[in-house]
Amino acid sequence: MARALLEPVAAGQTRFRMQGLTPDARGIAVGREALVVFQSLDRLVSFLGAYSVEASLDVLLPSMTLERGRATVGGGVVLLLRCEAADGYALDRLSRLAGAARSQLYAGAGSVFVRYRESAAPFGYDLAASLAELLAEVRGGAGPDPSRGTGLTVDEVAVVDHDFASIYRSAERIDPISLIQRLELRQRPLPLTGLASDPELAGLRDMALVLVAPGIAERVLAYLWRKEVPMAGVRVTLSEDRRPSLLLRLRQPRGRLLDVLRPIPGVELLVPVSPRAAVEVGYVHPIHLASASSCLPGDEMYLFRGRAGRVERIDGAPRFVDGRYLVQTEVHLREAEFEVDPVEMRDAGQLRIDLRLQPSSRVREPRATLVPWAQIEYLRRLIYLIPPSALAAARMVPLRDGLMVLSGGGRRGDGRTLSAGTVLPLGQRFAEVAPGVLIPDGQELWPRLRPQLVRELLNLEGDDYAVFLAPGSDPIHIADEQLLALDAAVVGTLETQEAALVEPSLPALEPGSVSNERLGRFALWGFRSQQDS
C-alpha cells in the first residue's frame, strides 16, 4: 500500500515541514506563489477564459509566468502557470477555476509546491516526511546533492500530491500575451430567423462595426445613404491588401439592415467587445477581452476576423468621419444668369439714437454719492466713520448741485473693501455701468451697449468720468485733474506752536562719599540707610 506524502494541517498550526508555507489570517496554509498544472492547452485556455469572466486578467498577468514543462520521470509534457497568490481568498478562486478546467492548484514558493486545501483538509496540506526523502524517491533512490539544497536546478519545479510527487523541467517559456492574441476564435450560433429576431442583435444593439472590402465600399456607402442610416467611417489599410478597406460605425442599427449586410461577400460585421477590440459576429474569443486590456498593448485597435482567420491591427484609435463626407457626389457649377447691381451707400445718420435713462430694478453697488450743500455738515461728521482704506481711495469734486464723492481706486483690490459710496447714507447714490460712466441708482442706460463702446461714445480717456445727473439731462464730463483726494480736502491745515522751555527747579546733587565698614555674617540685617543716620 502506497504511503501518503501529505498530511492535513491542523487548526492553529504555525510550523510546517515544507519551507515557504505560512498560515494566513484564517489559518490556511498558503505560500508566496501558486502553481497550476495543466495537462493540455485547451484546459489552460478554459481556465483563462473562466478567470477573465469573474475577475480582471490585468491583475493576474503582471505576476504570471507560463512554461511548458516535461516530467523527469515518464517524460510527460504539461503546462505550468505560476503567479503570486499569498491570499487565501485568491487561492480559493484559482482552485475553483482550476478544478472546473480539470486541473490542480498547488501552493508553495520557489521550486516546491504542495496540493492546496480541499474539503478533506480545510486548512491545507503539509509534507508528511522531509522533502529530501520525497525527492530521493522521485529520482529513484538517488539522494539529493547537499550543495544544492533540495537538489533541484533552477529550471526544475517539484509538486507533491496525496500519493505521488513529480519533478518538471522547464522546456520553453511561453508569452501569455502572445498566446492570448493567437487564440483561434470559436463559432457562436446565430438565430436561424436572422439577427432581427434577437433582442440584443448578437451584441450589436448599441453599436456595430462594418468592415467593407475596397471593391464594394462605394456601393455599400450609397445603399446606406439611401436608407438614411446614421453612420461614420474611416479608411484603413489591412495586411495583405493594396487598397484601403472601409470601416464603418453604425449607432443603434436596425436588425433588418444587419441581416441585409451580413450575407454580402466582402462585408463583415464586428461586435465591439472593448474600447480597442472587436470580434466578427458569429464568433467569440475564448478570453473576455474587456477584462484583459494588457493583452492588447499599445494604442492599436484589434479586429478579430473569424472567416478570414486573421487579427488586423489598426495603428492608433480610428478617427471616424461623418458618413455624408464619404459618399461620392457630383458637383456641377452653372453660369450666373443675372447681374448683381452695385450696393448704393447712403448716410447712416438716420439710424442714430440717443442714450437715455430708464427705471430699473437691478441692484448695483454704489460707486459715488452726490451730497447736497445743505448736508455738508453731516458729511463732516461722517468722515470719522469711513474706513481708512475707503477714505484713502475716495475722491471728490464740487459741483453746482452738491459735493460728489467718488470711490475712486476702491474698485481695485480683493473686492471685500467697502467703498465710500456704500458707507455714506447721504445724498443720491450713483452706480457704474461702464468704466468711468456713472448713472443714478435705480436707473439703467438704454440701449444696453458694450461698456467699451459707451466710453468711446462719451470720449472718455484715462481716469475721466462721465456722470448722468438726472434722466433727460446731458451727461457732464469730469476730468481726472479736477478730482481731489477726499482725506486731504476735508482735513484742515494743522498749526504747531513752539515748545516752552523752563529751568529745572530741583537743586543739583552734592558729591557723594564712600565708606568702608566691616560687615557681619548677615550683612543686610540692621543696615542703616542715610536717612536713619
Only distances under 3.5 Å count here; give the side-chain donor-acceptor pairs of residues 230-238 to other protein atoms, sequence neighbours excluded, each with its distance to 0.1 Å.
{"residue": "R235", "atom": "NH2", "partner": "E218", "partner atom": "OE2", "Å": "3.0"}

Let me check something: any side-chain donor-acceptor pairs from residues 262-290 under 3.5 Å, sequence neighbours excluded? List them with distances.
{"residue": "E268", "atom": "OE1", "partner": "R305", "partner atom": "NE", "Å": "3.1"}
{"residue": "E268", "atom": "OE2", "partner": "R305", "partner atom": "NE", "Å": "3.2"}
{"residue": "E268", "atom": "OE2", "partner": "R305", "partner atom": "NH2", "Å": "2.7"}
{"residue": "S274", "atom": "OG", "partner": "R276", "partner atom": "N", "Å": "3.4"}
{"residue": "S274", "atom": "OG", "partner": "A277", "partner atom": "N", "Å": "3.2"}
{"residue": "R276", "atom": "NH1", "partner": "L296", "partner atom": "O", "Å": "3.0"}
{"residue": "R276", "atom": "NH1", "partner": "G298", "partner atom": "O", "Å": "3.1"}
{"residue": "R276", "atom": "NH1", "partner": "E300", "partner atom": "O", "Å": "2.8"}
{"residue": "R276", "atom": "NH2", "partner": "L296", "partner atom": "O", "Å": "2.2"}
{"residue": "E280", "atom": "OE1", "partner": "G306", "partner atom": "N", "Å": "2.7"}
{"residue": "E280", "atom": "OE1", "partner": "R307", "partner atom": "N", "Å": "3.1"}
{"residue": "E280", "atom": "OE2", "partner": "R307", "partner atom": "NE", "Å": "2.7"}
{"residue": "E280", "atom": "OE2", "partner": "R307", "partner atom": "NH2", "Å": "3.2"}
{"residue": "H285", "atom": "ND1", "partner": "I287", "partner atom": "N", "Å": "3.0"}
{"residue": "H285", "atom": "ND1", "partner": "I287", "partner atom": "O", "Å": "3.4"}
{"residue": "H285", "atom": "NE2", "partner": "I180", "partner atom": "O", "Å": "3.3"}

Would you be so kind as to tabulate the donor-acceptor pairs closer than 3.5 Å made by side chains of residues 83-91, with sequence neighbours excluded?
{"residue": "D87", "atom": "OD1", "partner": "Y89", "partner atom": "N", "Å": "3.3"}

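R226 has no carboxylate O lying under 4.0 Å from a charged side-chain N of E228, or vice versa, which leaves the two without a salt bridge.
The main-chain N or O of L204 is never found under 3.5 Å from a side-chain atom of E200 such that the two would form a donor-acceptor pair. Distance alone, capped at 3.5 Å, places no donor-acceptor pair between the W225 side chain and the G323 backbone. Judged purely by atom type and a 3.5 angstrom limit, T369 has no side-chain atom pairing as donor or acceptor with the backbone of R429. Side chain of D24 to main chain of G27: a donor-acceptor pair is present (N/O by atom type, distance under 3.5 Å, no hydrogens or angles).
Just one residue in the list I177, L44, L61, L48 forms a side-chain contact (heavy atoms from CB on, under 4.5 Å) with L66, and that residue is L44.
Shown here are the salt bridge (charged side-chain N to carboxylate O under 4.0 Å, His left out) partners of R173, two or more places apart in sequence or in another chain: E67. For F47, the ring-ring contact (aromatic ring centres under 6.0 Å, His included) partners at least two apart in sequence or on another chain are F38. By the side chain to side chain donor-acceptor pair (under 3.5 Å) test, R380 pairs with E377, sequence neighbours left out. Under the side-chain contact (heavy atoms from CB on, under 4.5 Å) criterion, P440 pairs with L357, Q428, F430, Q443, F468, not counting sequence neighbours. For the salt bridge (charged side-chain N to carboxylate O under 4.0 Å, His left out) test, residues two or more places apart in sequence or in another chain that qualify with R448 are E444. By the side chain to side chain donor-acceptor pair (under 3.5 Å) test, S294 pairs with D58, sequence neighbours left out. Legend: residues meeting side chain to side chain donor-acceptor pair (under 3.5 Å) with R96, ordered by chain and number and at least two apart, are E54.
In this structure, L391 and L486 have side chains that are in contact, with non-hydrogen atoms separated by less than 4.5 Å. With contacts defined as side-chain heavy-atom distances shorter than 4.5 Å, the pair L224/L257 qualifies. For the pair P435/P451, a side-chain contact is recorded, criterion being any heavy-atom separation below 4.5 Å from C-beta on. Within the 4.5 Å cutoff, no side-chain heavy atoms of V220 are placed close to those of L246. The side-chain heavy atoms of Y465 and M404, taken from C-beta on, include no pair separated by under 4.5 Å.
Note that CG of L379 and CD1 of I383 are 4.5 Å apart. Values are rounded to the nearest 0.5 Å. Within the model, atoms CG of L469 and CZ of R400 stand 8.5 Å from one another, a figure rounded to the nearest 0.5 Å. Remark: L303 CG to L209 CG distance equals 7.5 Å, nearest 0.5 Å. Taking CG of L370 as the reference point, atom CG of L426 lies at 11.0 Å (rounded to 0.5 Å). Note: R205 CZ to L195 CG = 14.0 Å, rounded to the nearest 0.5 Å. Taking CG from L247 and CD from E312, the interatomic distance works out to 11.0 Å, rounded to the nearest 0.5 Å.
Annotation: salt bridge (charged side-chain N to carboxylate O under 4.0 Å, His left out) contacts involving residues 465-485, sequence neighbours excluded, comprise R395-D480. Sorted by first and then second residue, the side chain to side chain donor-acceptor pair (under 3.5 Å) pairs involving residues 179-193 (not counting sequence neighbours) are S178-R182, Q181-R313, T193-S197.
For CZ of R32, the number of neighbouring non-hydrogen atoms (other residues, nucleotides, ligands) closer than 6.0 Å is 12 at most. When the shell of 6.0 Å around CD of Q358 is examined, it contains more than 12 heavy atoms from other residues, nucleotides or ligands. The environment of R256 atom CZ is sparse: at most 12 non-hydrogen atoms of other residues, nucleotides or ligands sit within 6.0 angstrom.
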